[in-house]
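As structure tokens, the structure follows; a few thoughts come after it.
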Amino acid sequence: MSTKIEELARANVRALTPYQSARRLGGNGDVWLNANEYPLAVPFELSQQTLNRYPECQPALVIERYAAYAGLTKEQVLVSRGADEGIELLIRAFCEPGKDAVLFCPPTYGMYSVSAETIGVEYRTVEAGEGWQLNLPAIAEQLDGVKLVYICSPNNPTGNLVNPDDIRQLLEMTRGKALVVADEAYIEFCPQASLTGWLQAYPHLVILRTLSKAFALAGLRCGFTLANAEVIALLMKVIAPYPLSTPVADIAAQALSDHGIAIMKSHVSELVATREQLIAALQQCDCVEQVFPSETNYVLARFTASSQVFKTLWDQGIILRDQNKQPGLSGCLRISVGTREECNRAILALKTLPGASDTREQA
């Protein structure tokens, strides 16, 4: 019976490998350094109790406050169930299954491919070049039929910013042909690099944001799509009737108040200081071959015997994120910046790792 049920499903869904989120991968840890979450809870409490009524599709106070925070108009902001929903809404609104394609540059965030596959839209990849920058000539060769180009900056999992001059060239290359979607999930850690000021010059630019990272609200599932009004109007045609529950909108509005933004900026400052300490400590570990610069709340490092490192720390309840399967990231693990105590525990485990510096993992 179960086989017959599976046969009823769409072929692309049967073949789909789902995104392996941190929680889906499991583990029994007490030091969670694998999901790029803020390590401590933030002090918001529910104030809205009218749960008998449906919420607004686009809660006015949330939109108003995020527009003010981003320096945009309300017509340029759409709120959704995380930035992940924004990724999917763009494909649903702009791509014809079986005809159009999306393009992205691995190593990068895994939901671009999963969302395309789920909807039945082709995805194309152009591997990033040196320093994980855009390979513009190779992208140009692949653009025929592409409607969306996803660029993650700062990039997950590498932590680097994409060269803004290259992004400008990409925007010129795609003008009138495709949308360029800049995923700025981690932009609060380097706000000077945001592209929001470019929206007027580039009507085909779209920016994705989230409250999951610097705002410490990963459990809220609240993200934003920033674009010119024409793009937002099209996305409003395909979004669910009630994408944000009343409690989510309530907490999101509090987080985007002046007080909430001040809390976020304080957290970012503390986390960046902890990140720099973590990078310095990793560089002193025998099992670490290379630590890459980061503009985010995580650090990517290449290890000798990375599988051994990953499993040994896993068994000690310290959960990291394995990146070995990503193009160009053999031997790499991603480490979220936790509390200083959590980071110190991870470093101690790495420094006492038996045999890690003696065994080189085969690529």
Side-chain angles (χ1 to χ4, degrees), residues 17-40 82-84 87 104-114 128 132 152-160 183 185-186 189 210 212-214 216 218-219 221 271-272 274-275 277-279 281-283 285 287-339 341-350 353 356 361 363:
T17 299
Y19 179 71
Q20 295 299 305
S21 66
R23 294 299 172 264
R24 209 167 196 175
L25 288 170
N28 294 311
D30 59 338
V31 177
W32 295 94
L33 304 180
N34 64 334
N36 302 343
E37 304 149 319
Y38 188 77
L40 301 173
D84 288 337
I87 293 170
F104 53 89
C105 303
T108 194
Y109 184 43
M111 280 304 295
Y112 309 140
S113 62
V114 171
W132 297 303
C152 191
S153 183
N155 187 43
N156 178 13
T158 57
N160 67 290
D183 188 337
Y186 300 92
F189 300 99
T210 184
S212 294
K213 310 303 180 184
R221 308 309 303 130
L271 191 142
V272 167
T274 302
R275 182 189 71 201
Q277 288 188 344
L278 175 62
I279 289 174
L282 284 168
Q283 291 169 336
C285 294
C287 61
V288 176
E289 295 182 0
Q290 186 175 6
V291 184
F292 298 97
S294 174
E295 297 286 349
T296 63
N297 66 340
Y298 53 87
V299 175
L300 184 74
R302 179 168 279 119
F303 292 79
T304 55
S306 67
S307 296
Q308 177 192 346
V309 171
F310 180 83
K311 185 180 186 306
T312 301
L313 268 65
W314 176 287
D315 291 342
Q316 294 180 37
I318 303 169
I319 313 301
L320 310 182
R321 185 75 163 182
D322 189 349
Q323 297 295 331
N324 271 281
K325 293 182 180 179
Q326 288 258 35
L329 300 189
S330 176
C332 288
L333 304 176
R334 193 191 68 195
I335 307 171
S336 301
V337 180
T339 64
E341 293 74 16
E342 289 172 335
C343 292
N344 289 340
R345 183 171 156 187
I347 292 296
L348 180 61
L350 290 172
L353 195 68
E361 191 169 54

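These numbers come from the heavy atoms of this one structure, side chains and all, not from hydrogens, waters or symmetry mates. Numbering starts at 1 and runs along the sequence shown.
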Can you measure from [atom1] ([X]) to [atom2] ([Y]) and round to the nearest 0.5 angstrom?
X	Y	atom1	atom2	result
Lys311	Asp322	NZ	CG	13.5 Å
Leu350	Gln316	CG	CD	9.0 Å
Cys332	Arg321	SG	CZ	14.0 Å
Trp132	Cys105	CH2	SG	14.5 Å
Ile347	Cys285	CD1	SG	4.0 Å
Asn36	Lys213	CG	NZ	5.0 Å

All side chain to side chain contact (heavy atoms under 4.5 Å, CB included) counterparts of [X], not counting sequence neighbours:
X	result
Gln290	Phe292, Arg302
Ser153	Leu161, Val162
Leu40	Tyr38, Thr339

Over all heavy atoms of both residues, which pair between [X] and [Y] is shortest? Give the atoms and the distance, please.
X	Y	answer
Pro154	Gly159	CB-O, 4.3 Å
Pro107	Leu329	CB-CD1, 3.7 Å
Pro106	Phe104	CD-O, 3.4 Å
Pro39	Leu271	CD-CD1, 4.4 Å
Leu333	Leu320	CD1-CD1, 4.0 Å
Tyr298	Pro157	CE1-O, 3.3 Å

Check: Phe310 ring centre within less than 6.0 Å of Phe303 ring centre: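 Centroid distance Phe310-Phe303: not below 6.0 Å, so no.
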Sequence neighbours left out, what passes side chain to side chain donor-acceptor pair (under 3.5 Å) with Ser212? Give chain and number order.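 Scan of Ser212 (side chain to side chain donor-acceptor pair (under 3.5 Å), adjacent residues dropped) gives Thr210, Arg221.
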Please identify each residue that fulfils side chain to side chain donor-acceptor pair (under 3.5 Å) with Thr274, with sequence neighbours left out.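 By the side chain to side chain donor-acceptor pair (under 3.5 Å) rule, Thr274 matches Arg340.
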[X] (side chain) donor-acceptor with [Y] (main chain) under 3.5 angstrom:
X	Y	value
Ser336	Glu37	no
Gln326	Thr108	yes
Asp84	Met111	no

Under 3.5 Å, is there a donor-acceptor pair between the Arg334 and Asn156 side chains?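 Judged by distance alone, the side chains do pair up.
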Does a side chain donor of either Asp315 or Thr312 reach within less than 3.5 Å of an acceptor in the other side chain?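 Note: Asp315 and Thr312 side chains miss the donor-acceptor criterion.
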Would Leu282 and Ile335 count as a side chain to side chain contact (heavy atoms under 4.5 Å, CB included) if you check the C-alpha gap in whole Å, the side-chain angles of each, and the deciding distance to 0.1 Å? CA-CA 10 Å; Leu282 284 168; Ile335 307 171; 4.0 Å; yes
Return the orientation label for the Tyr109 and Tyr112 ring planes: parallel under 30°, perpendicular over 60°, tilted otherwise.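 Tyr109 and Tyr112: perpendicular rings.
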Could you walk me through whether Cys343 and Gln277 satisfy the side chain to side chain contact (heavy atoms under 4.5 Å, CB included) test, starting with their C-alpha distance in whole Å, then the side-chain angles of each, then the deciding distance to 0.1 Å, before giving a yes or no? CA-CA 9 Å; Cys343 292; Gln277 288 188 344; over 6 Å; no
Is Gln323 close to Leu300 at the side-chain level, that is, under 4.5 Å between some pair of heavy atoms?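 Yes; the side chains approach each other to less than 4.5 Å.
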Would you say Leu33 and Glu342 make side-chain contact, with heavy atoms under 4.5 Å?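 They are in side-chain contact.
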Listed partners of Lys325 passing salt bridge (Lys or Arg N to Asp or Glu O under 4.0 Å), at least two apart: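 Once residues adjacent in sequence are excluded, Lys325 has no partner under the salt bridge (Lys or Arg N to Asp or Glu O under 4.0 Å) criterion.
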Ion pair check, Asp30 and Arg345, cut-off under 4.0 Å: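 Yes, this pair counts.
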